[in-house]
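The block underneath contains the structure these notes are about, expressed in C-alpha cells.
Ligands are counted one by one from 1 in listed order, and the atoms in each one are counted from 1 as well.
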Amino acid sequence: MNPDAPLLFFDSGVGGLSVLQPTRELLPTASIIYVADNAGFPYGERSEADIAARIPALLGRVVERFRPRLAVIACNTASTIALDTVRSALELPVVGTVPAIKPASEMSKTRVIGVLGTQATVRQPYVDDLAARFAADCTVIRHGSPELVELAEAKLAGAEVGVDSVHEAARPMFEGERGSEIDVAVLACTHFRLLDEELRAAFPGVALVDGGRGIARRIAWLTREQPWPAEPSPGIALFSGSSPNRSLLSALARYGLEEVRGL
Ligand code: DGL
C-alpha cells in the first residue's frame, strides 16, 4: 500500500466535513480527497432511483483518478439508499454513514428518541430496520428538515445563522405526540453536526448523537496495518458544481482542505 494513497470522503456538500474532522484527529497524516457533489445538492429532495444511479457513476470517476485506499460515504441520505450499490460498483472498502440509532437507544432514559435527517433519509426502510433492531422498546420520532441542511451550508459559506432559525427548523420533531419526551436526538444528516452550537442552544437538555467518531474508529481499524505519510499534506476538495466562496474556502482550510478544484 502506497502511504500517500488517500482516504476519500463523499457528500452532497459540506456535511461530510463533520465526519472528516474526527477521522483527521485519529489519522492526522492521512492524505484526504473530499468530494462535494454540489451540482446534485440537495440529495434529501432527490428520488431514491436518482441517488442510486448518480453516486456510483460519480465515485467511479474519482476512484479511477485518485486511487484512494478507502471511500467514506459521509452522507446518511446516500448511505441509506445506495451503500450496497456503491459497494458492488467499487473495488475498495466503502464505509457508510447511517443514523446512530443504536447509541441513541443505549443513552435514552425516556425511551423516546428523535431522528433528525433529510426527508429522503427518514423515509428509508434502512431506518425502520435500525429502529426495529436497536430501539424496539423506544418510540422513534423522525423528522426530515431540508431547512437545516441549507442552514449548515449557509453557515459555512459565511452567513449568520441564528439559534431561532435552527429552532424553527427542528421544532416540529418535538411538537408531535410524545415529542416533548425526546431526550436523545440522532443527527441523521452529516450537515447537522455543523450546527452543533445552535442546536444545543435551541434544545438544551437534549443529547445529540451522530456517527462521526464511530466512523473514524472504523476507518482506523480497517487500515490498521497500512502505512501513512510521515507528515500531513494539504487535502484536496473537489466540487462538482459551483466553486466555493471565500468564507467556504477558509472553512475548508480549517478542515485541512487547502486545495480546491472542480470535478
Ligand atoms: N449530508 C447529507 C446527509 O447526511 C445530505 C444533505 C442533502 O444533500 O440533502 O444526509
*asked:* Does either side chain, that of Thr190 or that of Thr97, offer a donor lying less than 3.5 Å from an acceptor on the other one?
replied: no
*asked:* Starting from atom 10 (O) of ligand 1, what is the nearest protein heavy atom, named by residue and atom, and what distance separates them?
replied: Thr77 OG1, 2.6 Å
*asked:* Working to the nearest 0.5 angstrom, can you tell me the gap between Tyr255 OH and Leu17 CG?
replied: 5.5 Å
*Should you measure from each heavy atom of Phe41, which atoms of ligand 1 turn up under 4.0 Å away?*
8 (O)
*Distance (rounded to the nearest 0.5 Å) between Leu130 CG and Ser105 OG*: 11.0 Å
_Does this structure show an ion pair linking Asp128 with Arg142, if we count only N-O contacts that are shorter than 4.0 Å?_
yes
*asked:* So if I count the atoms of ligand 1 from 1 in the order they appear, which ones are less than 4.0 Å from some heavy atom of Ser12?
replied: 5 (C), 6 (C), 7 (C), 8 (O)
_For Trp221, does the six-membered ring have the charged nitrogen or CZ of Arg224 within the cation-pi criterion, i.e. under 6.0 angstrom from the centroid and within 45° of the normal?_
yes
_Looking only at protein heavy atoms, which one is nearest to atom 1 (N) of ligand 1, and what is the separation?_
His191 ND1, 2.7 Å
*asked:* Taking 4.0 angstrom as the limit and counting only heavy atoms of Asn76, give me the atoms of ligand 1 inside it, by number and element.
replied: 3 (C), 4 (O), 10 (O)
_Heavy-atom gap Cys75 to ligand 1 smaller than 4.0 Å_ = yes
*asked:* Donor-acceptor check, side chain of Ser165 to backbone of Val161, threshold 3.5 angstrom: yes or no?
replied: no
*Asp11 to ligand 1: N or O pair under 3.5 Å?*
yes
_Distance under 4.0 Å to a non-hydrogen atom of Thr118: what atoms of ligand 1 satisfy this?_
5 (C), 6 (C), 9 (O), 10 (O)
_If you measure every N or O of Gly44 against every N or O of ligand 1, does any of those distances drop under 3.5 Å?_
yes
*asked:* Taking Arg61 first and then Glu64, would you say they form a salt bridge - that is, a charged N and a carboxylate O separated by under 4.0 Å?
replied: no
